[in-house]
Amino acid sequence: MEGLPRPGWFGFGFRGFGQALGSERGLRGSLQGPEPLVVGGLGAGDPEKDAAAQVTQVRPSWSFTGFLTRDGRLVLSGSVNGQLPGCRDLLASEQHLLVLRTETEGSPAEMQAWAAAPELRGTPLWTRQILQRGDPPNPALLPLAPEPGWYVRPMQPFSQPLCPDLKARQLVLGAEHALLLGGMGQVYTWGTGRLGQLGHGALEAELVPRPVEALLGLAMAQVAAGGWHSLCVSEAGDLYIWGWNESGQLALPSRTIAEREKTVAGGDGELYTWGWGKYGQLGHKNTASLDQPQRVDYFTDNLLHVEAVICGPWNTYVYAVKGKD
């Protein structure tokens, strides 16, 4: 339909360091509602070359964001700037970048650690070659390390062995804790537990992966981690959330939120957000926090079907395609 935004990536929320989100209007501060993603150097305005068409993955940290493109480039925007060719994945933190570089003729794929400096240039802090396994070779994406039984840390030592019987399908990192999805759908957590983010019924820390007993017998399909809360989705499509609820991020009543928003019955492909909204990261064109899910009307109003959501610390990136008229 004429006048509607094209399918692709959209952004909203905090951009106080100049992170790429939507248009460049009011570059500093925040963007309170979704806008088509604009990344400098990716041909904004050309439907064949703009960010919506070129970006395949988004990896946000607090003060910068990394964008992976179809031609294998890593484009950094915000407090860290620069580009790297031949990239397959990225794990971004405020101190380090872990980059998976693709295999080239005569050179194997590599894991590289770079300092999160204002300009990405020079040489990496350290590099480790990846031993390819499988037929055809299929190295795991970050943050899983390419060798069974290991996980990545942002600085040396490069890896630390886990239990050899632990088969990992997915690993996600919160601010102070980690979730691992096992091969049979089990959920393991470890790290700091002072806000209940580990799900073990107590607030003590765990130094090694421990299964979440409340979920035993339930096969999980995906896990996710906020700063201090955790989520998982079962094979049956049920959502489980636990941890800190200070801003209503568990979709449960929060004492810090005085007003309640009316929820809307949802359909497939709609986006609902809740929690802390100070920088517009909920996408409702305001800075209110919510302790109940509320639909982001921008996507339904523009006949867009949401397929992926990437939550940064204070901003959000969404991939949407054309929906049904």
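In this text, all values refer to a predicted model and were calculated from it rather than measured experimentally. As a basis for the values below, the full set of heavy atoms in this structure was taken, side chains included, without hydrogen atoms, waters or symmetry mates.
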Would you give the length of the straight line joining atom [atom1] of [X] to atom [atom2] of [Y], rounded to the nearest 0.5 angstrom?
| X | Y | atom1 | atom2 | result |
| --- | --- | --- | --- | --- |
| Tyr298 | Leu304 | OH | CG | 6.5 Å |
| Asn81 | Leu120 | CG | CG | 9.5 Å |
| Leu290 | Gln249 | CG | CD | 11.5 Å |
| Thr127 | Trp114 | OG1 | CH2 | 8.0 Å |
| Leu179 | Gln222 | CG | CD | 12.5 Å |
| Leu97 | Leu84 | CG | CG | 8.5 Å |

Least distance between heavy atoms, [X] atom then [Y] atom:
| X | Y | value |
| --- | --- | --- |
| Gly312 | Pro60 | CA-CG, 3.5 Å |
| Pro293 | Ala251 | CD-CB, 4.0 Å |
| Leu180 | Ala168 | CD1-CB, 3.9 Å |
| Val296 | Pro34 | CG1-CG, 3.9 Å |
| Gly66 | Leu74 | CA-CD1, 4.1 Å |
| Leu198 | Thr189 | O-OG1, 2.8 Å |

Which residues satisfy the side-chain hydrogen bond (donor to acceptor under 3.5 Å, both in side chains) test with [X], sequence neighbours excluded?
| X | result |
| --- | --- |
| Glu110 | Gln112 |
| Tyr188 | none |
| Ser63 | Ser79, Glu94 |

Show me the side-chain donor-acceptor pairs of residues 230-244 shorter than 3.5 Å, one per line, residues at least two apart or across chains.
{"from": "Ser230", "atom 1": "OG", "to": "His177", "atom 2": "NE2", "distance (Å)": "2.9"}
{"from": "Ser230", "atom 1": "OG", "to": "Gln197", "atom 2": "O", "distance (Å)": "2.7"}
{"from": "Ser234", "atom 1": "OG", "to": "Ala236", "atom 2": "N", "distance (Å)": "3.2"}
{"from": "Ser234", "atom 1": "OG", "to": "Gly237", "atom 2": "N", "distance (Å)": "3.3"}
{"from": "Ser234", "atom 1": "OG", "to": "Asp238", "atom 2": "N", "distance (Å)": "3.0"}
{"from": "Trp242", "atom 1": "NE1", "to": "Gln197", "atom 2": "O", "distance (Å)": "2.9"}

Atom CH2 of Trp314: over 12 foreign heavy atoms under 6.0 Å: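 Enclosed.
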Just by distance, do the side chain of [X] and the backbone of [Y] share a donor-acceptor pair under 3.5 Å?
| X | Y | value |
| --- | --- | --- |
| Ser93 | His96 | yes |
| Thr102 | Arg88 | no |
| Gln281 | Trp276 | yes |
| Asn245 | Leu250 | yes |
| Arg6 | Lys322 | no |
| Glu307 | Val321 | no |

Determine whether [X] and [Y] fall in the same hydrophobic cluster, where Ile, Leu, Val, Met, Phe, Trp and Tyr are linked whenever their side-chain heavy atoms lie under 4.5 Å apart.
| X | Y | answer |
| --- | --- | --- |
| Leu218 | Leu181 | yes |
| Trp228 | Leu173 | no |
| Leu31 | Tyr319 | yes |

Flag side-chain contact, heavy atom, 4.5 Å: Thr287 against Gln32: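 SC-SC contact between Thr287 and Gln32 confirmed.
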Residue pair Val318 / Phe12, side-chain heavy-atom distance below 4.5 Å: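 In contact.
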Does anything in [range] pair up under salt bridge (charged side-chain N to carboxylate O under 4.0 Å, His left out), and if so which pairs, sequence neighbours excluded?
| range | answer |
| --- | --- |
| residues 181-196 | Glu176-Arg194 |
| residues 310-321 | none |
| residues 224-234 | none |

Residues in salt bridge (charged side-chain N to carboxylate O under 4.0 Å, His left out) contact with Asp71, at least two apart in sequence or another chain: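 Partners of Asp71 under the salt bridge (charged side-chain N to carboxylate O under 4.0 Å, His left out) test: Arg73.
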Where at least one partner belongs to residues 207-218, residue pairs that pass side chain to side chain donor-acceptor pair (under 3.5 Å), sequence neighbours excluded: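 The answer is Glu206-Arg210.
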Steps toward side-chain contact (heavy atoms from CB on, under 4.5 Å) verdict (Ile310, Gln57): CA-CA 9 Å; Ile310 306 295; Gln57 188 54 274; 3.7 Å; yes
Among Arg295, Gln294, His284, side-chain hydrogen bond (donor to acceptor under 3.5 Å, both in side chains) partner for Thr273: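 Filter result, single survivor: His284.
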Pairing residues for Tyr317 by the ring pair (Phe, Tyr, Trp, His ring centres under 6.0 Å) criterion, not counting sequence neighbours: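 Tyr317 satisfies ring pair (Phe, Tyr, Trp, His ring centres under 6.0 Å) with Phe67 only.
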Phe10 and Phe299 aromatic centres sub-6.0 Å: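 Yes - the distance between ring centres of Phe10 and Phe299 falls below the 6.0 Å cut-off.
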Set of residues satisfying side-chain contact (heavy atoms from CB on, under 4.5 Å) with respect to Glu204, sequence neighbours excluded: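 side-chain contact (heavy atoms from CB on, under 4.5 Å) check on Glu204 returns Ala202.
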By side-chain contact (heavy atoms from CB on, under 4.5 Å) - contacts of Cys311 (at least two apart):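 Testing Cys311 for side-chain contact (heavy atoms from CB on, under 4.5 Å), a comparison that skips the adjacent residues, returns Val309.
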Among Thr65, Val99, Leu98, side chain to side chain contact (heavy atoms under 4.5 Å, CB included) partner for Leu90: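 Per the side chain to side chain contact (heavy atoms under 4.5 Å, CB included) rule, the option paired with Leu90 is Val99, out of Thr65, Val99, Leu98.
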